[in-house]
Amino acid sequence: MSRLPALRRAAVREWGPLVTAVRRGLAGRGVRGLALTTGAVALTAIVQLTQNQAWGYRPVQNLGAVRAEDPLLLALLRTPLSLFVPALDLPVWGALAQILLVFGIAELCLGRWRTLAVAYLATLVGTLYARIGIVLGPEGFLGLPASDAQVVDTGPSAAVVGLAVYVCHRWRARFTGALVVLAMVVEVLVKDNLAGREHLAAVVAVLAVCLVREWRGRRRGTRDPGAGGSGALQDLGDGGSGTRSGAPPMRSWNLRRGPAQRTSWW
């Protein structure tokens, strides 16, 4: 039983700022704040149903399947839809659950357009890496075999991984972010394929964006509002009773009534 308070404090430190951001997003925008996530889940499900039909496979491939052997302009035109084309050899419910969870948290915390921008960046970097890797060849560092030029892009998974890393960095869920990165490394070590390599490329790109953002913030002398603090921890620890300022309440001493909580905040 003595370990429970320690585990609780660790959980609050890890996820408190993120939980606070999600709560504020829901409180500020409600279900309207999940419009992108809802659309992404619905579109992915529709694309999956369509590409499993005899009449629908070819149109989905022509509109949203990206391969390294495709002309670059055609691949760039297909990339936006490729975010919502799940792999045929994997259960679609896994992709839908990942999109619902990660896109939902990101949209509430980052907003619709920033979520879409990070997701697209992660997918695009994975697509471009495949082309570079094939040019380098299997003997080169980070190279890929020529046969991978005919393999379809990762679909929504690179976007999900990129968003997860970005959100964890922004709200200082360092342990969770490290687990995501470690999982991608293990994936490549266990099963070294194009999808795993593209996931790592997406992680590297998003981490580079995070580091640049951190560096710019330090130069300007500003503090990341998503960095968390005592207000975020208090909000999670007391069931969300924190205020907008995000600081713990002060306590004053009343000689007649004993300890009393002040209504003002830092």
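Quick caveat: nothing in here was measured; it's all calculated off a predicted structure.
Checked against E107 for a salt bridge (Lys or Arg N to Asp or Glu O under 4.0 Å), the options R32, R112, R29 give a single hit: R112.
Under a 3.5 Å cut-off, the side chain of D70 and the backbone N or O of V66 do not form any donor-acceptor pair. Of the possible donor and acceptor atoms, none in the side chain of R58 sits under 3.5 Å from a partner among the backbone N and O of W55. Looking at T115, its side chain does come within 3.5 Å of a backbone N or O of A106 through a donor-acceptor pair. Side-chain atoms of Q150 do not come within 3.5 Å of backbone N or O of E69 as any donor-acceptor pair. Side chain of R197 to backbone of Y129: no donor-acceptor contact under 3.5 angstrom is found. Without hydrogens or angle criteria, D148 side chain to L144 main chain gives no donor-acceptor distance under 3.5 Å.
A single hydrophobic cluster is seen to contain both V125 and V181, as judged by linkage of ILVMFWY side chains at heavy-atom distances under 4.5 Å, directly or through other members. Residues V160 and L34 share a hydrophobic cluster, clusters being chains of Ile/Leu/Val/Met/Phe/Trp/Tyr side chains in contact below 4.5 Å. Neither V118 nor L83 shares a network with the other; the hydrophobic side chains, linked directly or stepwise wherever heavy atoms of I, L, V, M, F, W or Y lie under 4.5 Å apart, form separate groups for each. If you chain together hydrophobic residues whose side chains sit under 4.5 Å apart, L194 and L200 never meet in one group. V188 and F141 fall into different hydrophobic clusters, where Ile, Leu, Val, Met, Phe, Trp and Tyr side chains are chained together by heavy-atom contacts under 4.5 Å.
In terms of heavy-atom proximity, I99 sits nearest to T37 at O-CG2, 3.9 Å. Taking every heavy atom of both residues into account, A158 and A122 meet most closely at O-CB, 3.4 Å. Of all non-hydrogen atoms in V92 and P86, the two that sit nearest each other are CG2-CG, 4.1 Å. Here the shortest heavy-atom pairing between A87 and Q48 reads O-OE1, 4.4 Å. Here the closest heavy-atom approach between residue L136 and residue G143 is recorded as CB-CA, 3.9 Å. Nearest heavy atom pair, residue V152 against residue A65, reads CG1-CB, 4.1 Å.
Atoms CZ and CG, from R78 and L73 in turn, are 11.0 Å apart once rounded to the nearest 0.5 Å. Taking CG of L142 as the start and CD1 of I132 as the end, the distance is 10.0 Å to the nearest 0.5 Å. Rounding to the nearest 0.5 Å gives a distance of 12.0 Å between CZ of F84 and CG of L96. The OG atom of S82 lies 11.5 Å from the CG atom of L63; values are rounded to the nearest 0.5 Å. The CG atom of L72 sits 9.5 Å away from atom CG of L77, with the distance rounded to the nearest 0.5 Å. Between atom OG1 of residue T127 and atom CG of residue L76 there is a gap of 8.5 Å, rounded to the nearest 0.5 Å.
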T79/Y120 under side chain to side chain contact (heavy atoms under 4.5 Å, CB included): CA gap, chis, key distance, verdict: CA-CA 8 Å; T79 299; Y120 183 76; 3.7 Å; yes
Give the intermediate values and the outcome of side-chain hydrogen bond (donor to acceptor under 3.5 Å, both in side chains) for residues T176 and E14. CA-CA 8 Å; T176 305; E14 179 72 11; 2.8 Å; yes
For the pair Y166 and L207, evaluate side chain to side chain contact (heavy atoms under 4.5 Å, CB included) and give the outcome as yes or no after the intermediate values. CA-CA 7 Å; Y166 188 89; L207 284 177; over 6 Å; no
Under the criterion side chain to side chain contact (heavy atoms under 4.5 Å, CB included), I'd like the reasoning laid out for F103 against Q98: C-alpha separation, chi angles, the key distance, then a yes or no. CA-CA 8 Å; F103 269 69; Q98 291 176 6; over 6 Å; no
Verdict with supporting geometry, V206 and C210, side chain to side chain contact (heavy atoms under 4.5 Å, CB included): CA-CA 6 Å; V206 171; C210 292; 4.2 Å; yes
Checking H199 against T154 for the side-chain hydrogen bond (donor to acceptor under 3.5 Å, both in side chains) test, could you report, in this order, the C-alpha distance in whole Å, the side-chain angles of both residues, the deciding distance, and whether it holds? CA-CA 8 Å; H199 293 164; T154 59; 4.6 Å; no
Working for salt bridge (charged side-chain N to carboxylate O under 4.0 Å, His left out), residues R67 and D153: CA-CA 6 Å; R67 298 177 177 84; D153 202 355; over 6 Å; no
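Electrostatic pairing of E214 and R172 counts as a salt bridge here, judged by a charged N lying under 4.0 Å from a carboxylate O. Here K191 does not pair with E187 in a salt bridge; the nearest charged N to carboxylate O distance is not below 4.0 Å.
Between T44 and V85 the shortest side-chain heavy-atom distance does not fall below 4.5 Å. Taking the side chain as every heavy atom from C-beta outward, I105 and W171 never approach each other to under 4.5 Å. Within the 4.5 Å cutoff, no side-chain heavy atoms of T50 are placed close to those of P59.
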